[in-house]
Amino acid sequence: MLGASPQGKGAEYLENAIHKFDPVKDYVVDVKVHMDIKAVQAPDMEAKIYYKEPDKVKIDSKGLFFMPKDVGVINPRKFDPGKYEIAVLDTLTYEGDQAVRISLVPKQDETGSHNVILTIDKKDWLIVEIATAPYPGREASAKITYGIFDGFQMPVKIDVNLDVSKISGEGTEFGHGRGRAPELKGKVEVYYSNYKINTGLSDDIFKKRNDD
Amino acid sequence: MSLFSIEVEKTFRRWRTYIGFAVVLAAVLFLEVIIKVNETQMAKSFAGGLSSDFLVSGNILNAWVITAFIMNSLYIHVPFLIALVAGDMVSSEATSGTIRFLMIRPPSRSKIIWSKYLAMLFYTALLILFLGILCVGIGLLFFGGGDLIKFQPTIPHIVVLPAHVAATCTGLAFLAAILSMSVVGSLAFLFSTLVDNSIGPIIGSIAVVIISFILGNLPFDFAESLHPYLFTTYMGIWQLLLDNPINWAEVGKYSLALIGYDAALFAAAYFVFVRKDIKS
């Protein structure tokens, strides 16, 4: 395990992961979410996710669909090295390959960002794990498994561990406004299939906002 | 014409019977229009804290969610509307001076009280079904269908019911609500046999409902020990049917308790009525 490295090295690792994603201009993917959270009784949910660089995301679903924020839609571009103080935490062997863990701490003038720890596979420069803690009482970590689609390495499964002991905005739960907010602690499995990459998605698709 | 039909006809000849339907129509229409006007804001409110941790997509604010939301009124104004008619079932005969004629005619007192009680249950069922049809009908018209997402505050958890399951569960919830509200009706009916005016039974039954609710929500050990004996503890039976999976054992327990209350209250009303001494 190494001590904190200079910003340059950590930023370099992050930039490598971002550049790995450079050829992906847009994609459409079918997503299935399976929740194993005691406080959430929900059937498996399906949706189609549209992504266009740099950060346009649209979720289209027939029924109700929800998936963990931050770790559900993989987009290395959202980790802009200019917005974070980046430090290397350690190097490790991750499933037989060399990997590095870096911490991203938002610079003081960056609002809306939060601390993130990324594990990056140094062989393929893929983000294989993400850990976030956007506010006290909420932690999420995700382990990402990749597959190859049209020559691009894209996520096929993300295993999310969620621990939300306090929902922000407590007290407005579904308009019923009574009682305590549920403790969202458990696992969420997100499966990705049927990728269509670089099909030239129109900006019009993203004009209508998602419900979030 | 059966006694029951006569009692139903008498009930629906009174203008106060239609107050309940008018109030339900006005309340549901008003609420759904308000929600429709503030749709974006309400959708965010209904999603609550969920949207801070999840990317949410789909029609959150749909007919089933709105219906479940409005069903909370079963604790508030619907008991009053039930009591308004149930509290008048027997006492109105005394008020209008017809009770002596009723008692001296061939049908036994037993048959008379049964037919009046069944007419009260018929009104209760009709009012709740009217509420259900309005909620769902206007809801589908304004907001369309979709999955039902519901926050259960008692044991904090989030329930998502797919649209086709939501429709069935909502139907079952309204049937359970009829059973739930029948206890309020039975209570007002009992009071109606005790006095010669309608105001007393209406106010009396609502007072009992309110006191029972307050006792049921007091955070003291003594109040908690009373829970199993308060009928209001079981009035939320309809909430159990909007869960996933449905705890049928609990539904059965609640149903038996409510049927027990209905039976006990009707038995008391029966006893009072058949022994009633008509003095004037």
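Fair warning: this is a prediction, and the values are worked out from it, not measured in the lab. Throughout, protein chains are lettered first and strands after them, A, B, ... in sequence-line order, and every chain is numbered starting at 1.
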Chemist: Taking atom CZ of B:F80 as the centre, report whether more than 12 heavy atoms of other residues, nucleotides or ligands fall under 6.0 Å from it.
Modeler: no
Chemist: What are the two closest heavy atoms between A:L64 and B:D147, and how far apart are they?
Modeler: N-OD2, 2.7 Å
Chemist: Inspect the surroundings of NZ in A:K62 and state if more than 12 heavy atoms from other residues, nucleotides or ligands are less than 6.0 Å away.
Modeler: no
Chemist: Locate the shortest heavy-atom distance separating A:P43 from B:P162; write the atom from each residue and the value.
Modeler: CG-CG, 3.7 Å
Chemist: With a 4.5 Å heavy-atom cut-off, do B:S57 and A:D60 have their side chains touching?
Modeler: no
Chemist: For A:K185, look at atom NZ and say whether over 12 heavy atoms of other residues, nucleotides or ligands are found less than 6.0 Å away.
Modeler: no
Chemist: Let me confirm one number: the CD1-CZ distance from B:I149 to A:F66, rounded to the nearest 0.5 Å.
Modeler: 4.5 Å
Chemist: Identify which of B:L161, B:L61, B:N62, B:V160 forms the greatest number of heavy-atom pairs closer than 4.5 Å to chain A.
Modeler: B:V160
Chemist: Tell me if the OH atom of B:Y229 is crowded by more than 12 foreign heavy atoms within 6.0 Å.
Modeler: no
Chemist: Just checking A:K32: does its NZ atom have more than 12 heavy atoms from other residues, nucleotides or ligands closer to it than 6.0 angstrom?
Modeler: no
Chemist: Would you mind reporting whether A:L162 and B:F54 have side-chain heavy atoms less than 4.5 Å apart?
Modeler: yes
Chemist: Is the number of heavy atoms from other residues, nucleotides or ligands under 6.0 Å of A:D44 CG greater than 12?
Modeler: yes
Chemist: Does any non-hydrogen side-chain atom of A:I59 lie less than 4.5 Å from one of B:L55?
Modeler: yes
Chemist: Quick check for you: to the nearest 0.5 Å, what is the distance between B:I158 atom CD1 and A:M35 atom CE?
Modeler: 8.5 Å
